[in-house]
Amino acid sequence: METDFLIQTLSSIVAAAAPVVLASIGETISEKSGVINLSLDGSIALSAMTGFAVAFTSGSVALGILAAMAVGALVALIIAFASISLRQEQVAVGFVLTMLCLELADFLGNPFVRKPGPSVPHAPIPYLSEVPVLGPILFDHNLIVYLSFLSVVAAWWWIYRTQPGLKLQGVGERPESAFARGVNVNRLRYIYTVVGGALVGLAGASYSLSIKLGWSHRHTFGIGWIALAIVIFGGWDPWRVVAGSYLFGLLKALGSVLQRNPAFASVPTQIFSSAPFALMIFALLLLSSEGLDRLLALLPSRLARRIDRVIRGRPPAGLGRPFVQE
Amino acid sequence: MSKRLWSLIGILVIAALVLAACKPSPPPPPPPTEEPTEAPTEEPTEESTPEEFVFGVILVGPYNDHGWSEAHYTAAEYVTEKLPNATFIYMDKLNPADRPETTLEQVVDDMVSQGAKVIFTTSDDFMEDTDRAAEKYPDITFIHISGDHVLTGQAPSNVGNYMGRMEYGKMIAGCTAALATETGTIGYVGPLINFETRRLAASAYLGARYCYEHYRGMDPDNLRFIVTWIGFWFNIPGVTLDPTEVSNDLINEGADVLISGIDTTEALVVVGQRAAQGERVFAIPYDYEHACDEAPEVCLGVPYFNWGPGYLEQVQAVVGGTWEQEWVWAGPDWSDINSPDTSAIGFLRGPALSEEWSAQVDEFIAGLADGSINLFVGPLNYQDGTPFLAEGEVATDEQIWYMEQLLEGMEGPSE
């Protein structure tokens with residue numbers, strides 16, 4: 001019974017983290033190329049709404065997912081255009097787009113509020129889902145959850161193990177050098193921003209078609225900001241980003257599990273509900289503070305360097321900076 | 001350079017325009033059909049306008065939340081159906097997450113300037129602010145839903161309180177849950193913790209115990225009843241737990257029936273999803289008569305508020321000049337708890353309720369109606385074991401209203 005509960009809880013966390021994983025991996029890809037897509041929160045809402053609306057109207061979940069990805073990609077394209085071609089401040093454009101998309105989603109989504117609609121069918125993977133413990137936790141989900149796993153592996157492999165991935169790192173770190181070696185910096189930035197946006201769109205679809213079915217007011221509210229924070233928390237590294245996403249999921253799950261534990265009966269319930277967000281901010285502060293440097297300085301320098309490399313990532317050097325071709 | 005600048009300005013302007021078009025700015029968005037300022041154009045003659053009566057409704061959630069707020073919105077529509085010369089204006093989503101910049105007083109100012117004579121403030125959250133607004137506008141009648149300031153004497157004389165006796169609805173919900181459970185575990189998705197939410201969760205528990213014992217023949221002490229509080233009436237990330245996750249968690253914990261106590265329908269949707277994956281689970285949503293619609297196949301039924309008759313009574317009293325300050329706790333019409341014109345609360349059965357269970361629910365309701373079943377009778381202890389009602393003691397309204405804790409046997413925090 002107790003182990004059943006643990007397995008089911010972990011399984012729920014894995015499923016619930018899918019949108020965070022997808023969005024933060026998408027954002028990692030854009031930022032690796034040097035473009036900050038700050039519109040995540042709005043982009044996820046608008047794609048979640050569109051995905052549900054299209055699936056609801058057409059009856060096809062696949063169409064819904066595609067539409068959501070198209071919306072995510074489109075928003076990213078606007079960011080890319082404004083920041084790469086118009087050389088405007090990425091953060092400002094992203095922020096305006098966040099607001100715009102949130103309101104648009106709310107406004108256009110009104111006819112679909114709290115309507116029952118289609119959802120991504122549950123699809124346990126044959127054989128794998130039968131494996132004890134790991135099977136139910138990882139392989140007893142639906143397509144979107146599997147895609148969230150896949151996105152991590154694919155992003156890591158592409159960025160760190162392929163030739164084009166090297167170019168991607170180049171345009172994000174040292175666009176001038178990349179350009180000198182014949183890389184079309186701005187074209188690559190366009191491509192990766194849009195690809196990242198499509199993943200963000202998929203994150204939206206995973207909300208309305210998989211983990212929180214349907215559409216309602218502020219359906220996905222807040223999750224985009226968390227994904228943005230996790231990218232920083234994860235140091236622009238897919239594996240650490242996914243670890244951050246699951247950590248956040250775990251913290252959220254603890255909120256309700258601990259609440260009914262008699263040992264915590266005297267703790268005000270508000271603490272549990274706001275703790276994941278507060279802890280996330282705390283972790284971010286800790287990782288980026290100078291206090292950590294001081295703490296690490298106490299350790300033997302070789303160990304300190306290794307820990308520092310594991311827990312802290314550096315942003316791509318060209319992040320947020322438009323590349324001007326001389 | 002200037003060309004680029006202009007493009008950006010262009011984007012921003014378009015963005016701002018779309019924003020302005022989409023976002024109903026803080027003054028209340030006029031309801032599509034009840035636009036009060038349109039009335040004169042419909043009836044151009046001067047004589048007909050004095051008869052027009054405007055009332056306002058202030059909602060905490062979206063007007064289409066399929067829950068608490070929608071039930072109030074529906075009631076306002078009911079009043080305008082019954083009183084053709086009445087129109088209403090409303091403001092929804094008045095809560096810190098959606099409109100951090102708007103206060104109840106601002107909304108009231110606006111409604112009064114639009115001619116509202118009665119204003120319904122429909123959240124526990126609006127209690128203090130309603131009193132303050134009422135002091136500012138002594139000629140306007142305020143009805144604060146779910147409050148007790150009339151009872152405690154704190155309210156200005158132009159404030160009335162109105163609430164439905166949902167305790168009965170929750171007892172029926174609890175009973176239904178106990179009939180359906182096979183794991184012997186019922187999960188309750190609670191909002192924030194206060195007197196109201198405690199007594200409603202406790203009522204569901206009492207109903208569940210009764211039916212588990214009397215209709216199932218099981219020992220009610222073996223029935224698990226787990227309450228998880230999300231922290232507000234609906235999901236606000238960073239403030240509340242996510243009700244979707246809480247519902248999943250309760251099912252993981254072994255609950256096979258979820259009773260919702262929050263304003264929105266996440267519990268029902270999650271249960272529908274888990275059932276689609278092959279689990280045997282049921283849900284009982286809350287507040288709104290048609291809440292089952294989102295996942296009818298797993299819905300056992302819904303205890304709902306029928307605010308219409310109460311709203312109508314209050315508005316008519318003000319129109320007729322007979323309104324008096326009162327604390328109203330309106331019960332069901334026991335001859336037909338689903339009567340739209342007389343019953344303040346009801347219980348609408350869902351498609352998942354079997355005929356056998358339905359017959360037992362009938363019996364339970366009949367028992368509540370004729371008084372042969374009274375669940376708030378001692379001995380009953382609070383959660384920590386301190387006595388709530390002594391042996392044979394029948395709870396008064398005030399004892400029920402002001403329950404200090406959950407009851408002994410319920411799992412979950414009491415404060």
Side-chain angles (χ1 to χ4, degrees), chain A residues 1 4-5 7-9 11-13 15-16 78 82 85-88 93 96-97 99-100 103-104 106-108 110 113-116 119 121-122 140 211-214 216-218 221-223 225-226 249 252-253 255-257 259-260 262 264-270 272-274 276-278, chain B residues 4 7-8 11-12 15-16 18-19 21-23 61-62 64-67 70 93 97-98 192-193 226-232 234-242 244-246 248-254 264-266 269-270 272-273 276-278 293-296 383 411-415:
Chain A
M1 178 67 209
D4 268 9
F5 169 68
I7 288 171
Q8 280 196 314
T9 301
S11 170
S12 294
I13 291 173
I78 298 175
S85 298
L86 302 180
R87 289 182 213 149
Q88 297 304 329
V93 176
V96 170
L97 276 174
M99 297 298 145
L100 176 69
E103 297 297 340
L104 265 182
D106 225 27
F107 177 71
L108 299 175
N110 244 333
V113 168
R114 301 209 179 272
K115 293 262 169 65
S119 60
H122 180 68
D140 191 11
I211 65 158
K212 193 174 171 185
L213 301 185
S216 62
H217 175 62
R218 298 251 165 137
F221 181 49
I223 209 66
W225 300 115
I226 287 296
K252 283 214 290 180
S256 53
V257 175
Q259 189 187 103
R260 62 167 177 269
F264 294 89
S266 56
V267 180
T269 48
Q270 292 90 323
F272 294 116
S273 37
S274 45
F277 292 83
Chain B
R4 224 175 287 131
S7 331
L8 179 76
I11 292 175
L12 288 178
V18 181
L19 263 175
C22 301
K23 182 173 186 172
N64 55 0
D65 65 356
H66 263 44
E70 188 158 355
K93 301 178 213 156
D98 282 315
L192 43 82
I193 310 180
I226 311 169
V227 184
T228 303
W229 308 99
I230 67 161
F232 194 66
F234 43 80
N235 186 26
I236 304 177
V239 177
T240 69
L241 297 177
D242 182 343
T244 300
E245 288 179 21
V246 167
N248 271 309
D249 173 51
L250 286 167
I251 297 174
N252 294 343
E253 178 67 18
T264 49
T265 52
E266 284 86 347
V269 175
V270 166
Q273 195 177 14
Q277 293 171 18
D293 293 357
E294 265 184 278
Q383 202 177 31
E411 294 175 45
S414 268
E415 51 201 315

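Throughout, a chain's letter reflects where its sequence line sits, starting with A, and its residues are numbered from 1.
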**Report entry** Contact origin within A:A16 toward chain B - heavy atom pairs under 4.5 Å
**Finding:** side chain
Requested in this report: Count the heavy-atom pairs under 4.5 Å between each of B:N235, B:L250, B:T265 and chain A, then report the option with the highest count.
Outcome: B:T265
Report task. Determine, step by step, whether B:N252 and A:S12 satisfy the side chain to side chain contact (heavy atoms under 4.5 Å, CB included) criterion, reporting the C-alpha distance in whole Å, the side-chain angles of both residues, the deciding distance to 0.1 Å, and the verdict. Result -> CA-CA 9 Å; B:N252 294 343; A:S12 294; 2.9 Å; yes
Query raised in the report: What part of B:V270 lies closer than 4.5 angstrom to a heavy atom of chain A: side chain, backbone, both or neither?
Result: neither
Report summary line: Highest number of heavy-atom pairs under 4.5 Å with chain B among A:Q8, A:K115, A:K252 belongs to A:Q8
Report task. Check whether more than 12 heavy atoms from other residues, nucleotides or ligands sit under 6.0 Å from atom CD of B:E415, and answer yes or no. Result -> no
Report task. Quick one: pull up CD1 in A:I211 and CD in B:E245 and give me the separation to the nearest 0.5 Å. Result -> 7.0 Å
Query raised in the report: Does A:R114 reach the side chain of B:T264, with side-chain heavy atoms less than 4.5 Å apart?
Result: yes
**Report entry** Interatomic spacing from CD in B:E294 to CG in A:L213 - rounded to 0.5 Å
**Finding:** 9.5 Å
Query raised in the report: What residue, out of B:T240, B:N248, B:V269, has the most heavy-atom pairs lying under 4.5 Å from chain A?
Result: B:T240
Query raised in the report: Is it the backbone or the side chain of A:S119 that comes under 4.5 Å from a heavy atom of chain B, or both, or neither?
Result: neither
Report summary line: Ranking B:V246, B:V227, B:V239 by heavy-atom pairs under 4.5 Å to chain A gives rank one to B:V239
Query raised in the report: Any side-chain heavy-atom pair from B:K93 and A:D106 closer than 4.5 angstrom?
Result: yes
**Report entry** Which portion of B:I230 sits near chain A, non-hydrogen atoms under 4.5 angstrom
**Finding:** backbone
Query raised in the report: What pair of heavy atoms forms the shortest contact from A:F221 to B:P237, and how long is it?
Result: O-CG, 2.9 Å
**Report entry** Within-4.5 Å side-chain heavy-atom neighbours: A:R218 and B:D98
**Finding:** yes
Query - Distance in Å, A:Q259 CD paired with B:D249 CG, rounded so as to fall on 0.5 Å steps - result: 9.5 Å
Query - B:T228 versus chain A, the contacting section by heavy-atom distance below 4.5 Å - result: both
